[in-house]
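Along the sequence shown, the residues carry numbers beginning at 1. When reading the values below, keep in mind they use all heavy atoms of this one structure, side chains included, and skip hydrogens, waters and symmetry mates. Counting convention: from 1, in listed order, for ligands and their atoms alike. No experiment lies behind these values; they were computed from the predicted model shown.
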Amino acid sequence: MLFIDLDDFKTVNDSFGHDCGDEVVVAAAHRLQSCARAGDTVARLGGDEFALLVDDVTTAHVTAVADRVLDALSEPPVEFSGHTTTLGASIGIAVAGQGETSETLLRNADLAMYEAKVGGRSRYVVYEPVMHTKVVNRFRLEAALQTAVADGAISLAYQPIVDLRTGAVVGLEALARWSDPALGDVPPSQFIPVAEATGLIHELGHWAIEQACRELTEWRSAQGTKAYVSVNVSPLQLESDQFASSVAHILLNHGLEPSALVLDVTEGMLLVERSRESLRELRAHGVRVAIDNFGTGYSSLSYLRQLPVDLVKINQKFLHPLEDDSADPAFLRAIIRLAETLHLDSICEGIETPGQLCDLRVARCGFGQGDFLARPGPLVDVPATIEVVSSSR
Ligand code: C2E
Ligand code: MG
């Protein structure tokens, strides 16, 4: 079974209208028919999706058919109503096993087609059972995350952000933690993308800011300091019209001054105009914005120029690794000076060794965080100061 989905078909519909789209679908159907032998079945499943059922062949044979389909679609370009377009397709191939139903065969071919799309289109991918496992796991994770968010099973760990001259804890980064009874500890790098894809990020993100502000208030009164809390936000949250006002509301509820909150926006995230507007509104209110993972994308400088920001969080990769000379301290120093020139505070992330701490102090980096200073953990365990001065190489 070949599951064939035309690439970029939507562009034809959007640019030239549905009548032209129909012409292209008809042309694609003719080309697919030309690849089929007597006894094969060509079907249109809907939209720009087709299936080609090839009987009595080996996998090697069927991949040759897929190559033929790709060639037949792409050459020559299709002409329609005075325009031309070159057709491409993503093809998923599933080979029927003993006792396989038509339903699972089609589903498997569809899953393989999805891999072909993700893999860069204009190609075929043969179904493997791991593709199904991946989808089932993802489904389980989605369901469990939904429950976890609703039941309050997500918590926050805090990592201190330290003044590298004095050791004072000036801020706390809130990091989401999820421990599921069945799935175990699921890291944010796994569940945040799922939360984004399902829309759960709005609820989760709102909860994180609320919880961080609540815990900060308690910590401040226990420690008698004025540290801020830094919360990571997803670009999807910023796109919401209500985001800025809901943040202002949370701050007011907890009696916190707006500068008590820093929002971490990861460099390289695509920010639409609405997101920038949210950031501008929040900054006008007094909330601060940090560029997270600074230096990891290819857009560091344009990001700095276009985004309203207050802090730069320098990525760990600019630090001198333990037994490796590959990190160039000149870059680290250049970024720190750049931030200074723009009147932005720099925080270096991921400090793991006394040597790195020493390098940063020499380079006059204002602030730092990392496992060497303190690992993320419950806020009650975070002290008001951390030893930095005696560390030297
Ligand atoms: P991030 O904002 O860059 O957070 C820093 C990450 O580095 C954290 O990983 C932290 O545990 C880890 N880290 C801290 N010190 C060290 C160190 O010395 N060495 C090394 N190698 N790593 C260190 P974590 O907690 O797994 O979070 C990963 C990412 O997930 C975060 O990266 C952030 O982008 C995202 N994230 C976490 N919580 C939230 C949340 O509530 N909302 C959103 N939208 N994203 C979150
Ligand atoms: Mg962060």
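Under the 3.5 Å distance criterion, with hydrogens and angles disregarded, a donor-acceptor pair is assigned to the side chains of E215 and Q211. Using modelled atom types and a 3.5 Å distance limit, the side chains of E100 and N108 yield a donor-acceptor pair. A side-chain N or O of S278 and one of R274 form a donor-acceptor pair less than 3.5 Å apart. If you check the side chains of H254 and E210, you find a donor sitting under 3.5 Å from an acceptor. Judged by distance alone, the side chains of D5 and S90 never bring a donor and an acceptor atom under 3.5 Å apart.
Around the Mg ion (ligand 2), the protein contributes the following N, O or S atoms at distances under 2.8 Å: E173 OE2, N232 OD1, D264 OD2, D292 OD2.
Residues L338 and L304 have side chains in contact (heavy-atom distance under 4.5 Å, counting atoms from C-beta outward).
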For E103 and R107: C-alpha separation, side-chain torsions, deciding distance, then whether salt bridge (Lys or Arg N to Asp or Glu O under 4.0 Å) applies.
CA-CA 6 Å; E103 213 171 300; R107 180 204 70 194; over 6 Å; no
Could you go through ligand 1 and note, for every N or O atom, any protein N or O atom closer than 3.5 angstrom, writing the atom names and distance to 0.1 Å, or 'none'?
residue, atom, partner, partner atom, Å
ligand 1, 2 (O), E173, OE2, 3.0
ligand 1, 2 (O), N232, OD1, 2.8
ligand 1, 2 (O), D292, OD2, 2.8
ligand 1, 15 (N), Q159, NE2, 3.0
ligand 1, 15 (N), D371, OD1, 3.1
ligand 1, 18 (O), D371, N, 2.8
ligand 1, 19 (N), Q316, NE2, 3.3
ligand 1, 19 (N), E352, OE2, 2.6
ligand 1, 21 (N), E352, OE2, 3.1
ligand 1, 25 (O), R177, NH1, 2.8
ligand 1, 25 (O), R177, NH2, 2.9
ligand 1, 38 (N), A176, N, 3.0
ligand 1, 42 (N), N232, O, 3.3

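Salt bridge present: R280 and E273 bring a charged side-chain N and a carboxylate O closer than 4.0 Å.
Using cut-offs of 30° and 60° for the angle between ring planes, the F331 and F318 rings count as tilted.
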